[in-house]
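In what follows, every chain begins at residue 1, and chains take the letters A, B, ... in the order their sequences are listed.
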2 protein chains.
Amino acid sequence: MHDTSEPRPHTGRRRNEAARRAILDAGLGLLADADGAPVTVETIARAAGVGKQTLYRWWPSKGAVLLDALLDRAAQDVPAPDTGSLQEDLRAVVTATFESAQRSPSGPALRTLVREAARDPRLAELLRTFTESRRAAVRTVLERGRERGELPADQDVDLLVDQFYGLFWYRFLLGHAPLDRPTALRLADSLLGQASPERP
Amino acid sequence: MHDTSEPRPHTGRRRNEAARRAILDAGLGLLADADGAPVTVETIARAAGVGKQTLYRWWPSKGAVLLDALLDRAAQDVPAPDTGSLQEDLRAVVTATFESAQRSPSGPALRTLVREAARDPRLAELLRTFTESRRAAVRTVLERGRERGELPADQDVDLLVDQFYGLFWYRFLLGHAPLDRPTALRLADSLLGQASPERP
DNA sequence: CGTTGCCGAGACCGCTAGTCTCGTCAAGGG
DNA sequence: CCCTTGACGAGACTAGCGGTCTCGGCAACG
């Protein structure tokens, strides 16, 4: 049995923090405008002025690097607003989600990352925790509203969560329809079974 | 200018229909149980007992072969039921969509195909016509209902279509929640703003 | 000042989509 | 009947990918 807490403090050269930053920045940068240039390990390393081995010394795969690059910028804690009004809370969450998806460079980066995850099960697993915390926030808002009686007691909350995030990802990835503020308000109201006029 | 209608009837050996069938069957078969074996051009050709060039002689890319294999089995015409009741029609469409997605081998094949499309823009474009005809059927049902006054005149029909297909693809691809009959009925009613009890 | 371990660089491996080139084989037309 | 045409199976080949391996150099400690 070895001592688990640092049997040997550390010897030799330390990790280059500048290289770490350069890799994350290059990763997010390439991810954001992945229109022309493909985001490969080679291009990330080259853009960061770094050897490929340095990259693989600290991350297990390309996807892990890119996810780290995204998380480096994305808000880690997801707020679940609690104003006392379900409609108000839900509108806020939906609007905030739509808006953050439009922002550069995180928006395009997330899009590229999800497409990569479609073929890389390890990356898909890593992305799950990212999305799950966001799903949980919406579920919290809905359940608080249900407890206040603003939703039928037997309402299937998971169905509503998936109606929201399903539509979000559908439009985010395909880009066939907007994710703007009016859409956000209409969607929030639609989920609550409210009248949802096109012109409020 | 040449005569567009067969300037030269045809000479030489004709296309081998058996090879075409073997390729499509092998493609769908591999697509359906893509758990272990990866669906590569090599494996398709080998499973069909065919040279790779035969495959590329008739299809422009691997994705085109796989999509053809899927379309070969999938219903090409998408019915838009018209019973006179929006709720009834929508329930039918949603239920039918969920059910056909569970069927083998088309269901798993479609799942794999969409994942491939995430990285192959050409395949994504080919898939668009497949999905668009299905979106159109749902839109038709909803618009008929709106004309009958079963939906507010200013209802955003595209938002409803995306709430449905968004949730469908979301659950279909991630598999985190069921696409069964009760879910279909609840979703259809939820879209119409009906009370949607868990126990109808 | 020597050991340790990170650094950049790039060769290398295995796998993939897609191309090219064989020799072969079938369906006509002369 | 045989010759031209073009599809056929087989497989070598190219280019690009993720990931590994090895190298000489360099920085941080004891």
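Checked against salt bridge (charged side-chain N to carboxylate O under 4.0 Å, His left out), B:Arg115 has no partners two or more places apart in sequence or in another chain. Residues passing the ring-ring contact (aromatic ring centres under 6.0 Å, His included) test with A:Phe172, sequence neighbours excluded: A:Phe168, A:Trp169. Considering only residues two or more places apart in sequence or on other chains, B:Ala80 meets the side chain to side chain contact (heavy atoms under 4.5 Å, CB included) condition with B:Ala137, B:Thr140, B:Val141, B:Arg144.
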Under a 4.0 Å heavy-atom criterion, the protein footprint on nucleotides 8-20 of chain D, written with B, S and -, is BSB-B----SSBB
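Close to C:dG5, at under 4.0 Å from its OP1 or OP2, lies a side-chain N or O of A:Thr11.
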N/O donor to acceptor pairs below 3.5 angstrom from side-chain atoms of residues 65-78 of chain B, sequence neighbours left out:
unit_1: B:Asp68; atom_1: OD2; unit_2: B:Trp59; atom_2: NE1; d: 2.9
unit_1: B:Asp72; atom_1: OD2; unit_2: B:Arg21; atom_2: NH2; d: 2.7

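For the atom pair A:Arg146 CZ and A:Arg139 CZ, the distance stands at 10.5 Å (nearest 0.5 Å).
A distance-only check finds no donor-acceptor pair linking the side chain of A:Gln163 to the backbone of A:Leu191 [under 3.5 Å]. With A:Thr43 contributing its side chain and A:Val39 its backbone, the two residues share no donor-acceptor pair below 3.5 Å.
Taking the centre and axis of the six-membered ring of A:Trp58, the NZ or CZ atom of A:Arg20 falls outside the cone set by 45° and 6.0 Å.
Going from atom CG of B:Leu55 over to atom P of C:dC20 covers 16 Å, rounded to whole Å. Rounded to a whole Å, the CG atom of B:Leu123 is 16 Å from the C1' atom of C:dG18.
Note that the two end axes of the helix from C:dC1-D:dG30 to C:dG30-D:dC1 enclose an angle of 10°, each drawn from 5 base pairs, rounded to 10 degrees.
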